[in-house]
Amino acid sequence: MLRYIRNFTLNKLTNKKVPYSAQIELTLRCNATCPFCSIPLIPKRLKSNEMTTHQIISLIDQISELGVNALSFTGGEPTLRKDLPELVYHAGVIHDFMNGIATNGYLMPQFLKEKSRLEGLDYILLSLEYPTAELHDKMRGIKVFDRVMETIDLSNKRNISVIISTVVMKDNIQFLENICELAENLNCSIELFPCEDIIRDYRNFQYKINNIEDMIPDLSVWAKLLHSLRSKYKNILTDPISINVVEKGGFGGAPEYYQTSLRCHVAEAYLFVRYDGFIDYPCKIHPVKSFNALKDTINNIYYSSEVREIMKQHDNYDFCNKCRLGCAIASSLPTTWKTLYPKYIQGYLKGNLR
């Protein structure tokens with residue numbers, strides 16, 4: 001937490017911007033078929049050219065030199081990479097990042113059963129959409145519920161924090177209290193964001209899930225329910241500001257029409273490295289400019305005049321209109337005291353952010 005405050009002070013009092021967090025996409029491969037995810041729509045020919053272990057380690061070194069506090073690994077499904085333990089060790093032990101993995105949990109037990117594996121891991125962001133195996137496995141397309149439970153049990157024994165990540169849909173909103181209660185009983189924190197109506201710009205093509213609107217819950221109903229659940233379950237990390245941002249229309253350069261609680265700072269606050277070594281600005285969903293971090297240093301890219309200009313735009317691009325991407329909201333929260341305090345400092349004091 002002190003490191004977040006240090007970067008907050010640097011960003012506010014000096015001209016030297018420093019990202020609060022970074023994420024490396026290890027692969028676009030996945031062993032599940034979730035209906036709300038657009039990654040399966042990307043052709044296999046565009047999912048090749050994954051970075052080597054050596055390349056990823058070099059980028060981890062550079063992210064550390066930049067002064068970033070937290071680094072997580074995502075996908076696709078990052079546990080499909082056999083070098084995951086080596087990467088986690090390098091991030092969490094060599095560089096002492098607050099280090100995490102975002103996973104569906106299917107392969108996690110085999111990594112966690114050996115104590116020496118995944119050394120340096122602080123937390124697991126673990127997907128769970130239903131409180132029963134029958135419903136959750138059907139939605140994910142693989143028999144994963146029991147492995148999620150096993151992952152939580154093994155993590156608790158190894159003192160690795162688990163944050164359950166629930167994508168809220170029309171079909172599962174009725175089960176949210178059951179999931180929150182289950183998370184509490186399992187000693188887990190939980191995030192609950194509605195599924196997103198996004199168009200993913202990728203290699204000059206656009207990918208969008210057909211009929212995604214049929215899955216998105218009524219945002220007012222979701223917000224009201226979240227406020228109610230927060231009064232009962234102290235392990236819920238989805239904070240009032242994030243709830244307000246989502247319910248009131250998300251980001252966009254016309255705050256007189258939408259919410260005024262938070263502007264998007266994702267370009268400056270969050271560093272996302274794609275599986276092939278490219279970094280997109282302002283964000284991974286809508287790249288205005290892409291830089292090859294395997295050919296130039298991350299420091300040169302982040303502090304380049306082109307990226308500085310993109311940062312100044314915040315959410316004034318047309319595609320920012322009504323964006324409520326969870327990672328963009330989360331990465332923007334540390335940029336102002338009024339949002340840093342309730343999300344991170346109060347969450348830390350409650351014991352949800354360890």
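All residue numbers in this chain count up from 1 along the given sequence.
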### Query
Can you tell me how far NZ of Lys82 sits from OG1 of Thr53, rounded to the nearest 0.5 angstrom?
11.5 Å

### Task
Look up atom OH in Tyr317 and atom SG in Cys264, then write down how far apart they are to the nearest 0.5 Å.
10.5 Å

### Message
If you compare all heavy atoms of Leu71 against all heavy atoms of Ala91, which two are closest, and at what distance to 0.1 Å?
### Response
CD2-CB, 3.8 Å

### Query
Given side chains that start at C-beta, do those of Asp239 and Leu333 come closer than 4.5 Å, heavy atoms only?
yes

### Query
So Asn31 and Glu77, side-chain hydrogen bond (donor to acceptor under 3.5 Å, both in side chains) or not? Walk me through it.
CA-CA 7 Å; Asn31 48 10; Glu77 176 49 49; 5.8 Å; no

#### Entry: Set of residues satisfying side-chain contact (heavy atoms from CB on, under 4.5 Å) with respect to Pro85, sequence neighbours excluded
Phe111, Arg117, Leu118

### Query
Judged by atom type as modelled, is there a donor-acceptor pair below 3.5 Å linking the side chain of Tyr233 to the main-chain atoms of Ser189?
no

#### Entry: Atom of Arg230, atom of Thr238 and distance for their closest heavy-atom approach
NH1-O, 3.1 Å

### Query
Rounded to the nearest 0.5 Å, what separation is found between the CD1 atom of Ile101 and the CD1 atom of Ile160?
8.0 Å

## Note on the structure
Hits for side chain to side chain donor-acceptor pair (under 3.5 Å) against Thr132, two or more places apart or cross-chain, chain-then-number order -> none

### Query
Is the closest side-chain heavy-atom distance between Tyr281 and Leu271 below 4.5 Å?
yes

### Query
Does a side-chain heavy-atom distance below 4.5 Å link Val162 with Thr151?
no

### Task
Provide the full list of salt bridge (Lys or Arg N to Asp or Glu O under 4.0 Å) pairs with a residue in residues 282-292, sequence neighbours left out, each pair given once.
Lys289-Glu306

### Task
Report yes or no: do Ile241 and Leu226 belong to one cluster of Ile/Leu/Val/Met/Phe/Trp/Tyr joined by side chain heavy-atom distances under 4.5 Å?
yes

### Task
Check ring-ring contact (aromatic ring centres under 6.0 Å, His included) between His90 and all other residues, then give those that pass, not counting sequence neighbours.
His95

### Query
Would you say Asn321's side chain and Gly252's backbone share a donor-acceptor pair under 3.5 angstrom?
no

#### Entry: Under the salt bridge (charged side-chain N to carboxylate O under 4.0 Å, His left out) test, residues paired with Glu150 that sit two or more places apart
Lys113

### Message
Any heavy-atom pair between the side chains of Pro19 and Leu66 that's under 4.5 Å?
### Response
yes

Could you pull out every donor-acceptor pair under 3.5 Å between side chains of residues 179-186 and any protein atom, sequence neighbours left out?
unit_1 : atom_1 : unit_2 : atom_2 : d
Asn185 : ND2    : Glu181 : O      : 3.3

### Query
Is there a side-chain contact (heavy atoms from CB on, under 4.5 Å) between Ile152 and Cys188 once you walk through the steps?
CA-CA 8 Å; Ile152 294 171; Cys188 300; 3.6 Å; yes

### Query
Which side chain to side chain donor-acceptor pair (under 3.5 Å) pairs, counting each pair once, include a residue from residues 212-229, with sequence neighbours left out?
Lys208-Glu213

### Task
Please work out whether the ring planes of Phe272 and Tyr270 are parallel, tilted or perpendicular, with thresholds of 30° and 60°.
tilted

### Query
How far apart are the closest heavy atoms of Leu84 and Pro78, and which atoms are they?
CD2-O, 4.0 Å

### Message
Is the shortest side-chain heavy-atom distance between Phe175 and Thr166 below 4.5 Å?
### Response
no

### CD1-CZ distance between Ile329 and Phe251, expressed to the nearest 0.5 angstrom
5.0 Å

### Query
What pair of heavy atoms forms the shortest contact from Leu112 to Ser155, and how long is it?
CD1-OG, 3.6 Å

### Query
Applying the side chain to side chain contact (heavy atoms under 4.5 Å, CB included) test to Ile57, which of Leu87, Thr52, Ile94 qualifies?
Leu87

### Query
Counting N and O atoms only, with roles assigned by atom type, does the side chain of Asn172 sit under 3.5 Å from a partner on the main chain of Val167, one being a donor and the other an acceptor?
yes

### Query
What's the shortest heavy-atom distance between Met51 and Val273, and which atoms?
CE-CG1, 4.1 Å

### Task
To the nearest 0.5 angstrom, please state how far the CZ atom of Phe97 sits from the CD1 atom of Ile63.
6.0 Å

### Message
In the structure I gave you, are the side-chain heavy atoms of Gln313 and Pro282 within less than 4.5 Å of one another anywhere?
### Response
no

### Query
Is Val307 close to Phe291 at the side-chain level, that is, under 4.5 Å between some pair of heavy atoms?
yes

### Query
Are Val266 and Ile279 co-members of a hydrophobic cluster defined by side-chain heavy atoms under 4.5 Å apart?
no

### Query
If you measure only the distance, is there a donor-acceptor pair under 3.5 Å linking the side chains of Glu191 and Ser165?
no

### Query
Who are the side-chain contact (heavy atoms from CB on, under 4.5 Å) partners of Leu41, not counting sequence neighbours?
Ser38, Tyr207, Ile209

### Query
For Glu196, which residues count as a side-chain contact (heavy atoms from CB on, under 4.5 Å) partner, sequence neighbours excluded?
Ile198, Arg324, Leu325

### Query
Looking only at heavy atoms, which two atoms of Val18 and Val68 are closest? And how far apart?
CG1-N, 4.3 Å

### Summary
residues 130-143 vs salt bridge (Lys or Arg N to Asp or Glu O under 4.0 Å), sequence neighbours excluded, gives Glu129-Arg140

### Message
Tell me every residue that passes salt bridge (charged side-chain N to carboxylate O under 4.0 Å, His left out) with Asp280, counting only those two or more places apart in sequence or in another chain.
### Response
Arg274

### Message
How long is the straight-line distance from CG of Leu128 back to CE of Met139, given to the nearest 0.5 Å?
### Response
8.5 Å

### Query
Please walk me through it: do Phe319 and Val288 pass side-chain contact (heavy atoms from CB on, under 4.5 Å)?
CA-CA 10 Å; Phe319 52 71; Val288 170; 3.8 Å; yes

#### Entry: Hydrophobic cluster membership, Ile56 vs Val93, 4.5 Å side-chain cutoff
no

### Query
Tell me, do Thr335 and Tyr20 make a side-chain contact under 4.5 Å, heavy atoms counted?
yes

### Message
Using the rule given for side-chain contact (heavy atoms from CB on, under 4.5 Å), can you reason through Asn299 versus Gln62, listing the C-alpha separation, both sets of side-chain angles and the distance that settles it, and then say yes or no?
### Response
CA-CA 7 Å; Asn299 186 84; Gln62 294 178 51; over 6 Å; no

### Message
Going by side-chain contact (heavy atoms from CB on, under 4.5 Å), name the residues that satisfy it together with Lys232, two or more places apart in sequence or in a different chain.
### Response
Glu177

### Task
Answer yes if Met108 and Tyr89 sit in the same cluster of Ile, Leu, Val, Met, Phe, Trp and Tyr residues linked by side chain heavy atoms under 4.5 Å apart, and no otherwise.
no

### Message
Can a donor-acceptor pair be found, under 3.5 Å and without considering hydrogens, that links the side chain of Thr74 to the backbone of Glu25?
### Response
no

### Task
Applying side-chain contact (heavy atoms from CB on, under 4.5 Å), run through Phe193 and Val246 and close with a yes or a no.
CA-CA 9 Å; Phe193 277 98; Val246 172; 4.1 Å; yes

